[in-house]
Every structure is written in structure tokens, then in C-alpha cells.
Amino acid sequence: MEPVTLTTDRLVLRAPGPQDTDAVHACAQDPDIQRWTTIPSPYLPEHARSFTEQLSPDGWADRSMFTFGVFLPDGALTGMLSLTMRSPGTAEIGFWAAKEHRGRGYTTEAARAASRWAFTHLAVDRVEWRAEVGNTASRAVAEKAGFTLEGTLRSATDNKGVRRDCWVASLLPSDLGLPSTTPYLPAPTDRPAPTGAA
């Protein structure tokens, strides 16, 4: 698949390329990004080069991961966002924000735009967000973007060789006023819990 460009009121979301390698490397020096994401630490220039020249284009080409750089109209990189296909109809969203651009709602705006695109162009019916327990900044972005927190998964993520618990949340097409590509039958919530033998 050829990369696409999305625009919002304040942002341009496009696939990162070789011209963005230095900006990606500079942003990824932030200890918070290295702590809470699975990027290599220390993050070296060759890591940024591999990301912009191989990982991102390969993901688009084989439709396994759709990576967007989140840019201001003047070209400043505010963060990175990806949608990774986990199973038919389900994509997992991941993101980080450059330190100097946090607190302005850019990542929330980008997450909503990318999710809307996934629902309308990728036959996705569920966008899932996961983050290590304690990553309250990422959780705040997900909740502001409309994701519903579903719980905590034990030992569900591996960050640099350590198994950790993670939060999980989801966004459905109906949360954005969009139809699903397949019928959805939610579990009834007004029925009493079943009794008897398990």
C-alpha cells in the first residue's frame, strides 16, 4: 500500500522518510520516550535511520504497520504514531510526543484522525491501545481521544527484556459515529449474572 497523508485542523500526518531521520533521532533522546516505549535505549542514529528508511516503508508496503509522523504545517515534528495490524479487523495504536510539543493536544488529535482513517479505509472495527501500567500521559491521550479503558493485563508487554503489566483500552467505529464493517453484538449489561456450576 502506498503511504497516505492525513490532515487535521492543526496537523499533517504523513509517513516518515529519510528527510526526517535527524528529527526522529533528536526527539527520541528524551528519557521519557525511551522509558515508556519499546524503542532501543540508547537510541542511536542508526536506529533512526533504520526506522525511517526500512521499518516505516516496509510496514506500509506489506500493510502490517502504518506509521505516521505527526507534523505541524511548518514541518516541525511533534511526535510519531503507528497503527499495527494485530488480527483481522483489529489494529493497535502506539504513539509518542516530542517533549517540547506535549500538553497541546496534538497527539490526541492525531490519534483520532488516524483511528478514523483506519475505520474508513482499512476495514478495522477495533483500535486497541496498550501502555505499561504507570504511563499516565499515554493513558490521558487515549482517554481524551475517546478510548474506553477495559482493564489491566498481567505480564502482557515486554519492554527491554522485562515483562510488565499493561492497561488496555479500545476505540470502536461507533465511538466516532461511524458504522462497523461487520455486525457487533455487545454483551448484555442489564441481565443478572448467571448462577449455578461454572
Side-chain angles (χ1 to χ4, degrees), residues 3-60 64-84 91-118 127-147 149 157-160 162 164 166-169 171:
V4 302
T5 297
L6 308 176
T7 57
T8 70
D9 290 343
R10 302 184 294 167
L11 303 169
V12 176
L13 281 66
R14 63 165 175 80
Q19 72 275 21
D20 306 307
T21 299
D22 290 344
V24 169
H25 178 255
C27 289
Q29 298 311 301
D30 178 11
D32 285 337
I33 293 175
Q34 294 190 23
R35 163 63 183 89
W36 294 110
T37 73
T38 58
I39 68 167
S41 179
Y43 194 80
L44 305 175
E46 51 263 38
H47 295 133
R49 226 174 4 257
S50 175
F51 174 71
T52 59
E53 296 180 13
Q54 183 176 0
L55 186 65
S56 173
D58 286 357
W60 280 94
S64 63
M65 182 171 67
F66 306 93
T67 301
F68 294 94
V70 182
F71 298 90
L72 296 178
D74 66 5
L77 177 65
T78 73
M80 202 62 59
L81 181 149
S82 64
L83 291 161
T84 303
E92 181 179 336
I93 194 168
F95 45 76
W96 55 255
K99 186 173 185 177
E100 64 271 24
H101 294 293
R102 292 178 192 150
R104 300 176 187 175
Y106 295 148
T107 309
T108 300
E109 191 172 319
R112 287 180 67 88
S115 297
R116 180 177 291 275
W117 174 77
V127 175
E128 192 170 278
W129 163 90
R130 296 183 181 209
E132 183 184 327
V133 170
N135 190 350
T136 55
S138 182
R139 178 172 170 167
V141 168
E143 290 179 334
K144 288 176 186 173
F147 284 72
L149 189 67
T157 187
D158 182 332
N159 191 346
K160 301 171 183 68
V162 179
R164 302 175 187 270
C166 75
W167 289 317
V168 61
L171 188 72

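In this chain, numbering begins with 1 at the start of the sequence shown.
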- Checking H25 side chain against Y43 main chain: does a donor-acceptor pair fall under 3.5 Å? yes
- Item | F66 and W60 aromatic ring geometry - parallel, tilted or perpendicular at 30°/60° bounds | perpendicular
- Mind running side-chain contact (heavy atoms from CB on, under 4.5 Å) on M65 and L55 for me, showing each step along the way? CA-CA 9 Å; M65 182 171 67; L55 186 65; 3.7 Å; yes
- Item | Salt bridge present between D32 and R102 (N-O < 4.0 angstrom) | yes
- Check salt bridge (Lys or Arg N to Asp or Glu O under 4.0 Å) between R112 and all other residues, then give those that pass, not counting sequence neighbours. none
- Task: Return the minimal non-hydrogen interatomic distance between P42 and H47, and the atom names on each side.
- Result: O-CE1, 3.5 Å
- Item | Check: L72 and R10 side chains under 4.5 Å, non-hydrogen atoms | no
- Task: Report the distance from atom CG of L83 to atom OG of S64, rounding to the nearest 0.5 Å.
- Result: 11.5 Å
- Query: Got a second to check how far Y106's OH is from H101's NE2, nearest 0.5 Å?
  - Reply: 7.0 Å
- What do the steps show when you test I39 against Q34 for side-chain contact (heavy atoms from CB on, under 4.5 Å), and what is the final call? CA-CA 6 Å; I39 68 167; Q34 294 190 23; 4.0 Å; yes
- Message: Using every non-hydrogen atom in the two residues, find where A98 and C27 come nearest and quote the distance to one decimal.
- Response: CB-SG, 3.7 Å
- Rounded distance (nearest 0.5 Å) linking atom CH2 of W36 with atom CG of N135: 5.5 Å
- Please answer whether the main-chain N or O of V162 pairs with a side-chain N or O of N159 as donor and acceptor at a distance below 3.5 Å. no
- Between the CD atom in E109 and the CG atom in L11, the distance rounded to the nearest 0.5 Å is 4.5 Å
- Query: Side chain of T37, backbone of I33: donor and acceptor closer than 3.5 Å?
  - Reply: yes
- Note on the structure: Smallest heavy-atom separation, I93 atom then L81 atom, equals CD1-CD1, 3.9 Å
- Message: Taking the six-membered ring of F68 as reference, does the cationic atom of R14 (NZ for Lys, CZ for Arg) lie under 6.0 Å from its centre and within 45° of its axis?
- Response: no
- Just by modelled atom types, is the P18 backbone N or O under 3.5 Å from a matching donor or acceptor in the T21 side chain? yes
- Item | Exercise: identify the closest heavy-atom pair between P16 and M80 | CG-SD, 3.9 Å
- Message: So does V70 get a backbone contact from the side chain of T78, meaning a donor-acceptor N/O pair under 3.5 Å?
- Response: yes
- Go through S82 and F95 one step at a time and tell me if the side-chain contact (heavy atoms from CB on, under 4.5 Å) criterion holds. CA-CA 6 Å; S82 64; F95 45 76; over 6 Å; no
- Under 6.0 Å between ring centres, would you say that holds for W167 and F147? no
- With side-chain contact (heavy atoms from CB on, under 4.5 Å) as the test, would you mind laying out the steps for V12 and T5 before giving the verdict? CA-CA 7 Å; V12 176; T5 297; 3.8 Å; yes
- Just grab all the salt bridge (charged side-chain N to carboxylate O under 4.0 Å, His left out) pairs involving residues 132-147, residues at least two apart or on different chains. R35-E132, E132-R164, R139-E143
- Atom CG in D20, atom CZ in F51: separation rounded to 0.5 Å? 9.5 Å
- Note on the structure: salt bridge (Lys or Arg N to Asp or Glu O under 4.0 Å) filter on E92, not counting sequence neighbours, yields R86
- Note on the structure: Looking only at heavy atoms, the pair that brings P57 and T52 closest together is CD-O, 3.5 Å
- Closest heavy-atom contact between T8 and A113? CG2-CB, 3.6 Å
- Which distance, rounded to the nearest 0.5 Å, do you find between the OG of S115 and the CH2 of W129? 13.0 Å
